[in-house]
**Q** 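Sharing a structure below in structure tokens format, with a few things to ask.
Quick note on labels: first sequence line is chain A, next is B, and so on, each numbered from 1.
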Amino acid sequence: MPVAKPASSEARVIAHLDMDCFYVQVEQRKQPQLRGLPTAVVQYNEWKGGGLIAVSYEARKFGVKRSMRGDEAKSVCPQIQLVQVPIARGKADLSIYRDAGSEVVSILAKMGRCERASIDEVYLDLTDAAETMLAESPPESLDDEALKSHVLGLVDDGTDAKECVKIWLQRSDADHNDKLLSCGALIVAELRNNVLKETEFTCSAGIAHNKMLAKLASGLNKPAQQTIVPSASVKEFLGPWPIKKMKQLGGKLGDSLQSDLGINTVGDLLQYSEQKLQERYGFNTGAWLWNIARGVSGEEVKGRILPQSHGSGKTFPGPRALRSIDTVSHWLKKLCEELSERILADLDQNKRIAHTLTLHVRANKSSDTDSQKKFPSKSCPLRYGITKIQEDALSLFHAGLREFMGTYVARSEKNQNNEWGVTGLSVSASKIISAPQGTCSIRKFFPSQCAVSTISSEDTNNDPNLEWSAVAKFSCPLLAVCELALQSAQHLKFSRIKPIENNWNSESGAFVEMEDNTIMHDISSLDPNVDERKSQKNQDEDDHGIELAVGGEAWAAGGKG
DNA sequence: CTTGGCCCGGTTC
DNA sequence: TGAACCGGG
């Protein structure tokens with residue numbers, strides 16, 4: 001549900017940048033001979049030429065649409081160049097596009113608060129930059145790219161369009177807000193030039209006082225153009241706009257507005273009072289609707305340039321549905337391999353750790369009765385390492401399958417069955433938390449409830465491999481501490497766990513280098529008796545002391561603390 | 001069998 | 001907290 005947010009009192013300058021047919025551009029950069037040719041990117045070539053997921057503007061002129069299959073595109077545009085999405089592990093691999101998007105973001109993020117809205121879209125809050133420019137260096141000589149801006153509501157009286165824009169951008173009698181937008185447009189023009197220079201990608205942009213208007217504007221003039229939305233032109237611009245094309249109104253809420261109230265355009269919505277809308281759609285949604293009809297939106301640009309989750313999925317439509325545990329396991333393995341690769345790259349590049357693994361399954365049941373029953377999603381703590389992830393994902397699948405099929409387990413698990421068919425699988429990693437950088441105190445890794453009786457940092461400092469290290473003694477239930485310690489120490493390159501008590505029957509108190517150079521997950525690899533301890537957990541509620549020593553390399557590459 | 005496949009974010013309970 | 005659902009590209 002949309003939430004009504006008050007527009008901030010001070011005018012903001014918000015830009016929305018949208019890469020032009022992004023996947024095509026990525027492929028054209030890779031194969032420059034494709035530039036200027038009608039081109040489309042397809043995935044899965046085997047069925048009717050694959051599905052189009054991006055279409056170049058040259059190809060659009062021939063009527064090629066994103067909804068088409070490759071064969072269909074060939075028939076309306078025989079010379080079209082079809083490029084396949086890379087395939088890895090038997091599934092489409094979008095990583096080259098994700099990485100290309102990151103290139104763009106890293107350029108844009110220098111200028112102001114930056115929100116990565118999708119693989120090819122970014123919002124920027126340029127308020128500060130625009131205010132600064134207005135105060136210190138008001139627009140004088142104008143970049144050619146800025147002169148090519150479109151200004152909504154600016155009447156082109158037949159004279160040179162660039163001259164009109166130039167006059168508009170430099171008007172001294174403009175109000176403060178319009179001047180801010182002018183500065184924003186100059187900044188965006190420069191940013192787009194930088195992006196083009198550094199990545200060879202073109203993009204289009206909208207510049208307005210809020211996200212909603214900026215987003216609508218960025219789509220008005222494509223490709224490689226930018227559009228400004230002055231406040232004075234909002235009403236005229238928004239009035240005829242189809243209600244279903246407003247962000248958040250593309251689904252059921254938009255349907256309801258259309259069929260229940262006969263609202264087809266934003267202008268139609270204007271006739272309803274805030275109270276009426278609130279009566280029908282609730283306080284928040286009603287207020288939000290009333291505001292957006294007037295081009296008012298307070299939604300802020302989130303400062304986030306990294307994704308909050310990673311997912312890897314594949315569908316198995318109709319006859320290709322998976323009908324045995326073995327095939328499900330096979331595909332889960334592939335998906336988990338990709339996921340593992342991506343979270344390790346995130347750890348390496350961004351020092352972030354994912355904490356939750358979730359499995360989503362789409363499945364059908366042939367034993368009808370309630371065949372619409374959905375396969376339940378399941379999640380669990382994420383342990384690093386592809387084998388662990390795959391094991392956990394398979395466990396989640398079994399748990400979900402039991403619920404899906406009812407308490408009685410299907411008979412044939414190994415081989416083909418006729419009870420169920422899996423038509424979609426996806427694994428995702430979420431709850432991604434930044435790891436602390438550089439040298440830090442061990443206290444940071446433990447919640448305050450967990451009493452730390454002593455902390456010292458001398459006794460492991462002689463290890464030359466470690467940038468930092470510390471020892472702490474805890475008074476907590478032993479297993480709780482162990483689990484906590486391992487969760488917290490996940491990002492450490494080295495760790496050591498040694499109980500104070502003598503009954504810890506293990507030689508493994510010494511430092512252990514993690515086999516995959518990343519993470520230790522499992523205390524049982526250190527102490528073979530841990531399973532016994534676990535079974536005694538309930539009767540063993542007494543506090544235990546434990547000495548935990550952890551150490552790690554500082555995150556900064558090359559290691560300075 | 002298809003405006004899908006493969007993603008991502010947010011809200012609600 | 002997890003899970004269902006919604007909406008977007």
**Q** Check whether any side-chain nitrogen or oxygen of A:Ser379 sits under 4.0 Å from OP1 or OP2 of C:dT1, and answer yes or no.
**A**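 So the side-chain polar atoms of A:Ser379 never come under 4.0 Å of the phosphate oxygens OP1 or OP2 of C:dT1.
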**Q** Can you tell me if the side-chain N/O atoms of A:Thr315 get under 4.0 Å from OP1 or OP2 in B:dG5?
**A**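 Result: yes.
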**Q** Heavy atoms from C-beta onward define the side chain here; which of B:dC7, B:dG4, B:dG5 lies closest to that of A:Lys91?
**A**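 Looking only at heavy atoms from C-beta outward on A:Lys91, the closest nucleotide is B:dC7.
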**Q** Where the side chain of A:Asp20 meets the backbone of A:Ala224, is there a donor-acceptor pair that is under 3.5 Å apart?
**A**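 Looks like yes, one N/O pair under 3.5 Å.
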**Q** Closest approach to the side chain of A:Arg66, judged atom by atom: which nucleotide of C:dA3, C:dG2, B:dG4 is it?
**A**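 That would be B:dG4.
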**Q** Could you state the OH-C1' distance from A:Tyr23 to B:dC8, rounded to the nearest angstrom?
**A**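 Whole-Å distance recorded here is 10 Å.
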**Q** Salt-bridge test for A:Arg89 and A:Glu337: reply yes if a basic N is under 4.0 Å from a carboxylate O, no otherwise.
**A**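 Between A:Glu337 and A:Arg89 there is a salt bridge, with a charged N closer than 4.0 Å to a carboxylate O.
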**Q** Which whole-number value in Å describes the distance from A:Leu94 CG to B:dG5 P?
**A**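 The distance from CG of A:Leu94 to P of B:dG5 comes to 14 Å, rounded to the nearest Å.
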**Q** Given C:dG9, B:dG5, C:dG7, identify the nucleotide with an atom nearest to the side chain of A:Ile53.
**A**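 Among the listed nucleotides, the one closest to the side chain of A:Ile53 is B:dG5.
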**Q** Both A:Leu52 and A:Leu335 contact DNA chain B. Taking the nearest nucleotide for each, which residue is further toward the 5' end?
**A**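 Going by which nucleotide is closer to the 5' end, it is A:Leu52.
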**Q** Under 4.0 Å between a side-chain N/O of A:Gln308 and OP1 or OP2 of B:dG10, yes or no?
**A**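 Yes, A:Gln308 has a side-chain N/O under 4.0 Å of OP1/OP2 on B:dG10.
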**Q** Does A:Met246 reach a base, just sugar-phosphate, or nothing at all? Heavy atoms under 4.0 Å.
**A**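 Result for A:Met246 = sugar-phosphate.
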**Q** Mind checking if A:Lys245 touches a base, just sugar-phosphate, or nothing, with heavy atoms under 4.0 Å?
**A**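 Nothing: the residue A:Lys245, judged by heavy atoms under 4.0 Å, touches no strand.
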**Q** Nearest heavy atom decides the nucleotide; on that basis, is A:Phe316 or A:Arg116 closer to the 5' end of DNA chain B?
**A**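 Its nearest nucleotide being more 5', the pick is A:Phe316.
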**Q** Consider the side chain of A:Ser377, meaning its heavy atoms from C-beta on, and name the nucleotide among C:dA4, B:dC8, B:dT2 that approaches it most closely.
**A**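 It is C:dA4.
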**Q** Measure from CZ on A:Phe375 to P on C:dC5 and round the result to the nearest Å.
**A**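 Going from CZ in A:Phe375 over to P in C:dC5 covers 15 Å.
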**Q** Among B:dG10, B:dT2, C:dA4, which nucleotide has an atom closest to any side-chain atom of A:Pro376?
**A**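 So the side chain of A:Pro376 is nearest to C:dA4.
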**Q** So A:Gly311, base contact, sugar-phosphate only, or nothing? Heavy-atom distance under 4.0 Å.
**A**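 Sugar-phosphate, no base atom in range.
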**Q** With respect to the side chain of A:Lys252, which nucleotide from C:dG7, C:dG2, B:dG5 is positioned closest?
**A**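 Among C:dG7, C:dG2, B:dG5, the one nearest the side chain of A:Lys252 is C:dG7.
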**Q** How many whole angstroms separate atom CZ of A:Arg362 from atom P of B:dG5?
**A**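 Distance check: A:Arg362 CZ to B:dG5 P gives 7 Å.
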**Q** What is the distance, rounded to the nearest whole Å, between atom CZ of A:Arg320 and atom C1' of B:dT2?
**A**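 It works out to 11 Å between those atoms.
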**Q** Could you measure between the two P atoms, the one in B:dG9 and the one in B:dG4, and give it in whole Å?
**A**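 The same atom, P, in both gives a distance of 23 Å.
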**Q** Start with the C-alpha distance between A:Asp260 and A:Ser256, add both sets of side-chain angles, then the distance that settles side-chain hydrogen bond (donor to acceptor under 3.5 Å, both in side chains), and finish with yes or no.
**A** CA-CA 5 Å; A:Asp260 297 344; A:Ser256 168; 2.9 Å; yes
**Q** Any base atoms under 4.0 Å from A:Lys431, or only sugar-phosphate, or nothing? Heavy atoms, all strands.
**A**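 Sugar-phosphate, no base atom in range.
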**Q** Could you check whether A:Phe22 and A:Phe201 have their ring centres less than 6.0 Å apart?
**A**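 When the ring centroids of A:Phe201 and A:Phe22 are compared, they turn out to be within the sub-6.0 Å range.
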**Q** For A:Leu339 and B:dC6, give me the distance from atom CG to atom C1', rounded to whole Å.
**A**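 My rounded result for the distance is 14 Å.
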**Q** Where the side chain of A:Gln43 is concerned, which of B:dC8, C:dG2, B:dC6 is the nearest nucleotide?
**A**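 So the side chain of A:Gln43 is nearest to B:dC6.
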**Q** Using the P atoms only, state how far B:dC8 lies from B:dT3, rounded to an integer number of Å.
**A**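 So the two P atoms sit 24 Å from each other.
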**Q** Can you tell whether the side chains of A:Glu103 and A:Arg98 come within less than 4.0 Å, N to carboxylate O?
**A**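 No, A:Glu103 and A:Arg98 are not salt-bridged.
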**Q** Round to a whole Å and report the spacing from NZ of A:Lys374 to P of C:dA3.
**A**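 Interatomic distance, NZ of A:Lys374 to P of C:dA3: 16 Å.
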**Q** Examine A:Trp288 together with A:Tyr281 and report whether their ring centres are nearer than 6.0 Å.
**A**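 Between A:Tyr281 and A:Trp288, which both carry aromatic rings, the centre distance is not below 6.0 Å.
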**Q** Would you indicate which nucleotide in B:dG10, C:dG9, C:dA3 comes nearest to any side-chain atom of A:Asp120?
**A**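 Among B:dG10, C:dG9, C:dA3, the one nearest the side chain of A:Asp120 is C:dG9.
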**Q** By the 4.0 Å heavy-atom rule, please label A:Ser428 as base, sugar-phosphate, or nothing.
**A**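 Nothing: the residue A:Ser428, judged by heavy atoms under 4.0 Å, touches no strand.
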**Q** Go through C:dG2, C:dG9, B:dG9 for me and flag the one nearest to the A:Pro307 side chain.
**A**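 The closest nucleotide is B:dG9.
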**Q** Which whole-number value in Å describes the distance from A:Arg98 CZ to B:dG9 P?
**A**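 Going from A:Arg98 (CZ) to B:dG9 (P), I get 11 Å.
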**Q** Regarding A:Lys365 and A:Glu419, does a basic nitrogen lie under 4.0 Å from an acidic carboxylate oxygen?
**A**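 Looking at A:Glu419 together with A:Lys365, the answer is no, because their closest N to O distance does not fall below 4.0 Å.
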